[in-house]
Amino acid sequence: MVSRTELNDASPLHLADMIGQSSVMAQVAVAIDAAHADHKKFDHALLVGAPGLGKSQTARLIAVEMGTELHEVLGQSISGPADLNALLLDAKDRDLIHIDEAHELEKEFQTALYLAMDQRRVILQTRAKTAPQGIPLNDFSLLLSTTDEFCLLQPLRDRMRLVLRFQFYTVEELTTVLGQRSHALGWPVEDGLLPQIAERARGTPRLALRLLQACRRVSRANGQFLLMHEHLRRACELEQIDQIGLGPNEQGYLAILAEAPNRLNVLAARLGLPARTVAQVVEPFLIRTGLITKDDAGRRELTAKGYDHLTQHRLPRSTECENMCKRKPS
């Protein structure tokens, strides 16, 4: 097998190739079969989930399975009525329009979008003294991908006939994803390496594949083809990633909390980061994995699991860790 260098060279080509997200894939398969049986378009769908879980990939595969053209844009790229109208008017019958990061759409464009869906036309404003002109639209399908469902207007959400909720992957699922991709790319891998990568990927295929690419980068820099555990260790050193995928900001955050519980603004100041970055980027995974908790007063505190992580992985023999263990919460 010829070895390829880019991860995207081996992306899934069909829904049957997708690993994980069994509930989403089942919903999509039924909707596709129903659309083909009735000779109609795919139902409008809302794809919701954290970044890197496969929303955009799923949208592309739906278009493949439906045999239709996909018109794909980012929500923030629609900056005026002309952008939205051009997108809608370009779609033919049964085509799919995929708006990624749909929560970035301005409210006025969200309103215009659901009105266009209802009326099957767009309204063009011409000269000031001329009546608005309505242009009919073809019967397209709309796919909206978002990480922040609450940012979408309820009337727009309610018009989505399918709601596809993407969940975080298990280590076993991520190991399968990595095995599938490395095999397709022709990258030989040492036994037991892929689960180690999966454990550091935070339940996210995009992060798992990025770390797989980092391992290969190290192996090729050393003139080797086989991806080995030593390459993973070196890749993690270079990116400052620990055994469960925590980066330097998360590790620094936990070290500060080991001293005493603290509020968000104090933690942000100590880390040298904006408070919003700490709340929206650093904290979510730490909370999801049970390493920290927040009390009613908004103070962040290490859990017993958080203390154990620091003890086992960061400073296993230091006096600081011994002190932390003494004050570990029950």
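Residues M117 and L156 meet the side-chain proximity criterion, which asks for heavy atoms closer than 4.5 Å. Taking 4.5 Å as the limit, some side-chain heavy atom of V28 sits within range of a side-chain heavy atom of L164. Taking the side chain as every heavy atom from C-beta outward, L105 and L84 never approach each other to under 4.5 Å. Using a 4.5 Å cut-off on side-chain heavy atoms (C-beta onward), L144 and L142 make contact. Put simply, the side chain of M18 does not reach to within 4.5 Å of the side chain of V24, judged on heavy atoms. Residues L15 and I32 are in side-chain contact: their nearest non-hydrogen atoms beyond the backbone lie under 4.5 Å apart. Side chains of C215 and I197 form a contact here, defined as non-hydrogen atoms less than 4.5 Å apart. No side-chain heavy atom of L178 sits under 4.5 Å from any side-chain heavy atom of V189.
Side chain of Q251 to backbone of Q240: a donor-acceptor contact under 3.5 angstrom is found. A donor-acceptor pair under 3.5 Å is absent between the side-chain atoms of E149 and the main chain of L46, judged by distance alone. The main-chain N or O of A297 is found under 3.5 Å from a side-chain atom of D295 such that the two form a donor-acceptor pair. Looking at D93, its side chain does come within 3.5 Å of a backbone N or O of D139 through a donor-acceptor pair. Judged by distance alone, the side chain of T303 and the main-chain N or O of L291 form a donor-acceptor pair under 3.5 Å. Remark: the backbone N or O of A198 is not paired with any side-chain donor or acceptor of Y169 at under 3.5 angstrom. No donor-acceptor pair closer than 3.5 Å links the side chain of Q167 to the backbone N or O of Q21. Judged by distance alone, with hydrogens and angles left aside, the side-chain atoms of D17 form a donor-acceptor pair with the main-chain N or O of H14 at under 3.5 Å. No donor-acceptor pair under 3.5 Å is formed between the side chain of D95 and the backbone N or O of F140. Side-chain N or O atoms of D83 include one that pairs as donor or acceptor with a backbone N or O of G80 at under 3.5 Å.
Rounding to the nearest 0.5 Å places OG1 of T175 at 11.5 Å from CD1 of I19. Between the CD atom in Q57 and the CG atom in L47 there is a gap of 12.0 Å [rounded to 0.5 Å]. Here the straight-line distance linking atom NE2 of H44 with atom OG of S141 works out to 6.0 Å at 0.5 Å rounding. Rounding to the nearest 0.5 angstrom, the gap separating the CG atom in L113 from the CZ atom in F109 is 11.0 Å. Remark: I244 CD1 to Q312 CD distance equals 10.0 Å, nearest 0.5 Å. The distance from atom CG of N138 to atom NZ of K92, rounded to the nearest 0.5 Å, is 8.5 Å.
Both L153 and V48 are part of a single hydrophobic cluster, where members link through side-chain heavy atoms under 4.5 Å apart. V171 and V177 sit in two unconnected hydrophobic clusters of ILVMFWY residues. Membership requires side-chain heavy atoms under 4.5 Å apart, directly or through other members. Hydrophobic clustering (ILVMFWY, side-chain heavy atoms < 4.5 Å, transitive): F166 and L174 are in one cluster. Under the 4.5 Å side-chain contact rule for hydrophobic residues, L246 and L267 share a cluster. Note on L87 and L115: same hydrophobic cluster, where clusters join Ile, Leu, Val, Met, Phe, Trp and Tyr whose side-chain heavy atoms are under 4.5 Å apart, directly or indirectly.
Summarising the local packing, CZ of R161 is surrounded by 12 or fewer heavy atoms from other residues, nucleotides or ligands at distances under 6.0 Å. Heavy atoms of other residues, nucleotides or ligands lying less than 6.0 angstrom from CD of E106 number 12 at most.
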task = May I have the step-by-step check of side-chain contact (heavy atoms from CB on, under 4.5 Å) for H309 and D242, ending in yes or no?
result = CA-CA 10 Å; H309 177 74; D242 72 4; 2.8 Å; yes
task = Evaluate the side-chain contact (heavy atoms from CB on, under 4.5 Å) criterion for residues L211 and L207: first the C-alpha distance (whole Å), next the side-chain angles of each, then the deciding distance (0.1 Å), finally the verdict.
result = CA-CA 6 Å; L211 191 50; L207 298 182; over 6 Å; no
message = Does T68 form a side-chain contact (heavy atoms from CB on, under 4.5 Å) with K41? I'd like the steps, not just the answer.
response = CA-CA 9 Å; T68 59; K41 67 180 182 182; over 6 Å; no
query = Can you check salt bridge (Lys or Arg N to Asp or Glu O under 4.0 Å) on R234 and E237, steps first, answer last?
reply = CA-CA 5 Å; R234 180 57 179 157; E237 287 175 5; 3.2 Å; yes
query = What do the steps show when you test Q110 against R157 for side-chain contact (heavy atoms from CB on, under 4.5 Å), and what is the final call?
reply = CA-CA 10 Å; Q110 293 187 36; R157 296 198 310 266; over 6 Å; no
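I123 and N85 make their closest contact through O-ND2, 4.2 Å (heavy atoms, listed as atom of the first residue, atom of the second, distance). Here the closest heavy-atom approach between residue G179 and residue S182 is recorded as O-OG, 3.2 Å. Here the closest non-hydrogen pair linking V163 and Q27 is O-NE2, 3.4 Å. In this structure, R270 and I256 approach most closely via the heavy-atom pair CB-CD1, 3.4 Å. In plain terms, the two heavy atoms of A50 and K55 that are nearest each other are O-NZ, 3.0 Å. The heavy-atom pair separating R121 from P136 by the smallest distance is CB-CA, 3.9 Å.
Checking each of L143, L88, D90, L70 against I97 for a side chain to side chain contact (heavy atoms under 4.5 Å, CB included) leaves exactly one that passes, namely L88.
Cluster partners of L226 are M228, counting Ile, Leu, Val, Met, Phe, Trp and Tyr whose side-chain heavy atoms approach within less than 4.5 Å, directly or via other members.
Between S219 and H231, the side chains place no donor N or O within less than 3.5 Å of an acceptor N or O (distance only, hydrogens not considered). Under the 3.5 Å distance criterion, with hydrogens and angles disregarded, no donor-acceptor pair is assigned to the side chains of H98 and S56.
Among residues at least two apart or in separate chains, side-chain hydrogen bond (donor to acceptor under 3.5 Å, both in side chains) pairs with a member in residues 189-215 are E190-H229, Q196-R200, R202-E250.
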Identify every side-chain donor-acceptor pair in residues 272-287 under 3.5 Å, counting partners at least two apart or on other chains, and give the distances.
| residue | atom | partner | partner atom | Å |
| --- | --- | --- | --- | --- |
| E283 | OE1 | R300 | NH2 | 3.2 |
| E283 | OE2 | Y253 | OH | 2.7 |
| E283 | OE2 | R300 | NE | 2.7 |

